[in-house]
Engineer: 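Okay, here's the structure, questions in a sec.
In what follows, residues are counted from 1 in the order of the sequence shown.
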Amino acid sequence: MNFTKMHGLGNDFIVVAGETQLPDNAAQLAEQLCNRFFGIGADGLVYILPSEKADFRMRIINSDGSEAEQCGNAIRCVAKYVYDNGLTDKETLTIETLGAGVQEVQLTVENGKAALVRVNMGQPILEGLKVPTTIDANPVINQSIEVDGREFKFTAVSMGNPHCVIYVDDAVNFDLAAWGPKLEVHPLFPRKINVEFVTVLSKDFTDMRVWERGAGPTLACGTGACATVVASVLNGYTDRTATVSLKGGDLLIEWNEENNYVYMSGPAAEVYRGTVNV
């Protein structure tokens, strides 16, 4: 199998193009190939497939073999891949996702390569039962959750995949490994949850660290950055346009008041290409 290793702010993927559909053993392949010691190493395995609704279709299998409905960093990598490799000459294109439908992507091209990718990530889902949580409220803001005797307050947002945004004093040094896996599988979240720990530094800047459902701690999460700004606006902490600083770099997020869409701007990069026996 030919593959391209790519990343969006350090959130890394094994990108495969040329298949017409998701292989039956995609889950097994993801577990095998994403292993950082016995495989290629990545947070997920991404397939670029034909679409009847859009220019391309994206399917993302997490490193544990589960499928993600959407991934902001992966969609930027897919957009860069298809443009840089001549699969399209469009600087505005559409990509079909499993959980967030068809999303529009705008490329900033420099020297014939996609240098910056702006994605219309769609409208946030704020109804508790649709995120999903077990809480029948719209929106779910500053809701108490307890794990191992510690209480957190969270705001629930879906960006095509579920997020639980928690504000802490120091997100950069927060103990992700201690609390992320416990919150991910909390009974309040019937399909598990991505967990963002956030510190607001100003009206237009936040620090965020993420525990991703199915992947664990990652250097960046595009949908998580979008959920962070939506939650921060709902809580009155930030303006509708803000920078989210992740371990791997920064993303610019805008929650447009007129059309309710969330826009994410950031880079994507190719690391190397290779062939692997599967």
Side-chain angles (χ1 to χ4, degrees), residues 5-13 34 36 41-44 46 60 62-63 68 70-80 100 105 115-119 121 124 154-155 157-181 183-184 193-233 235 237-255 262-271:
K5 182 73 182 290
M6 302 187 74
H7 75 87
L9 300 180
N11 188 195
D12 59 340
F13 307 99
C34 291
R36 297 190 183 278
D43 293 322
V46 176
I60 312 145
N62 293 318
S63 58
Q70 166 60 318
C71 177
N73 290 314
I75 199 170
R76 296 202 315 278
C77 289
V78 168
K80 179 176 175 62
V105 178
L116 185 72
V117 185
R118 185 175 189 260
V119 185
M121 297 291 288
F154 76 93
T155 297
V157 179
S158 172
M159 292 302 308
N161 57 354
H163 294 272
C164 157
V165 180
I166 295 172
Y167 295 93
V168 295
D169 291 335
D170 183 5
V172 172
N173 296 301
F174 190 81
D175 192 348
L176 278 177
W179 300 104
L183 288 161
E184 177 189 355
I193 202 87
N194 298 286
V195 189
E196 285 77 37
F197 298 98
V198 179
T199 301
V200 178
L201 300 177
S202 70
K203 280 288 190 177
D204 63 357
F205 198 92
T206 71
D207 280 331
M208 187 267 272
R209 295 296 182 267
V210 60
W211 180 274
E212 289 202 50
R213 178 188 59 165
T218 62
L219 297 185
C221 177
T223 55
C226 294
T228 292
V229 171
V230 171
S232 297
V233 171
N235 282 278
Y237 295 151
T238 70
D239 297 330
R240 284 179 168 265
T241 299
T243 296
V244 179
S245 184
L246 307 112
K247 194 168 185 179
D250 295 348
L251 289 172
L252 180 65
I253 309 297
E254 176 199 351
W255 185 16
V262 180
Y263 298 88
M264 171 196 63
S265 298
E270 179 179 323
V271 185

Engineer: Nearest 0.5 Å please: distance from the CZ atom of Phe205 over to the CG atom of Asp250.
Structural biologist: 5.0 Å

Engineer: Determine whether more than 12 heavy atoms belonging to other residues, nucleotides or ligands lie under 6.0 Å from atom CG of Asp169.
Structural biologist: no

Engineer: Quick check: closest heavy atoms across Ala100 and Gly160, and the distance to 0.1 Å?
Structural biologist: CB-CA, 4.1 Å

Engineer: Donor-acceptor pair, Tyr167 side chain versus Ser232 backbone, under 3.5 Å?
Structural biologist: yes

Engineer: If you define the side chain from C-beta out and look only at heavy atoms, does anything of Leu251 sit under 4.5 Å from Asn73?
Structural biologist: yes

Engineer: Report yes or no: does Asn194 contribute a side-chain atom to a donor-acceptor pair with the main-chain N or O of Pro162 at less than 3.5 Å?
Structural biologist: yes

Engineer: Is there a side-chain contact between Phe174 and Thr199 in this structure, where contact means two heavy atoms from C-beta onward sitting under 4.5 Å apart?
Structural biologist: no

Engineer: Donor-acceptor pair, Thr223 side chain versus Gly72 backbone, under 3.5 Å?
Structural biologist: no

Engineer: Output the distance between atom CD1 (Ile193) and atom CD (Glu184), rounded to the nearest 0.5 Å.
Structural biologist: 9.5 Å

Engineer: How long is the straight-line distance from CZ of Arg118 back to CE of Met264, given to the nearest 0.5 Å?
Structural biologist: 10.5 Å

Engineer: Any idea which heavy atoms bring Ser63 and Cys34 closest together, and the distance?
Structural biologist: CB-CB, 3.7 Å

Engineer: Which heavy atom of Ala171 sits nearest to which heavy atom of Arg209, and what is that distance?
Structural biologist: O-CG, 3.1 Å

Engineer: Once rounded to the nearest 0.5 Å, what's the spacing between atom CE of Met159 and atom CE of Met121?
Structural biologist: 5.5 Å

Engineer: Looking at Asp43 and Arg36, does any basic side-chain N land under 4.0 Å from a carboxylate oxygen?
Structural biologist: yes

Engineer: Tell me if a side-chain donor or acceptor on Arg76 pairs with a main-chain N or O of Pro267 at a distance below 3.5 Å.
Structural biologist: yes

Engineer: Flag the pair Phe197 / Leu183 as yes when at least one side-chain heavy-atom distance between them is below 4.5 Å, and no otherwise.
Structural biologist: yes

Engineer: Between Asn235 and Thr155, do the side chains contain a donor N or O and an acceptor N or O under 3.5 Å apart?
Structural biologist: yes

Engineer: Taking atom types as modelled, is there a side-chain donor on Tyr263 or Thr241 under 3.5 Å from an acceptor on the other?
Structural biologist: no

Engineer: How close do Lys5 and Ala42 get, counting heavy atoms only, and between which atoms?
Structural biologist: CE-CB, 4.2 Å

Engineer: Report yes if the side chains of Asn11 and Leu246 come closer than 4.5 Å at any heavy-atom pair, otherwise no.
Structural biologist: no

Engineer: Please report, to 0.1 Å, the donor-acceptor pairs under 3.5 Å made by any side chain of residues 212-221, with sequence neighbours excluded.
Structural biologist:
residue : atom : partner : partner atom : Å
Glu212  : OE2  : Thr218  : OG1          : 2.6
Arg213  : NH1  : Arg191  : O            : 3.0
Arg213  : NH2  : Glu69   : OE1          : 2.4
Arg213  : NH2  : Glu69   : OE2          : 3.4
Thr218  : OG1  : Ala220  : O            : 3.1

Engineer: Do side-chain atoms of Lys247 reach the backbone of Gly10 as a donor and acceptor pair under 3.5 angstrom?
Structural biologist: no

Engineer: Out of curiosity, Met6 CE to Asp12 CG, how far, rounded to the nearest 0.5 Å?
Structural biologist: 11.5 Å

Engineer: Run through Thr206, Val200, Asp204 and flag the one making a side chain to side chain contact (heavy atoms under 4.5 Å, CB included) with Ser202.
Structural biologist: Asp204

Engineer: How far apart are the closest heavy atoms of Arg240 and Val229, and which atoms are they?
Structural biologist: O-CG1, 3.9 Å

Engineer: How many angstroms lie between atom CH2 of Trp211 and atom CD of Glu196, to the nearest 0.5 angstrom?
Structural biologist: 13.0 Å

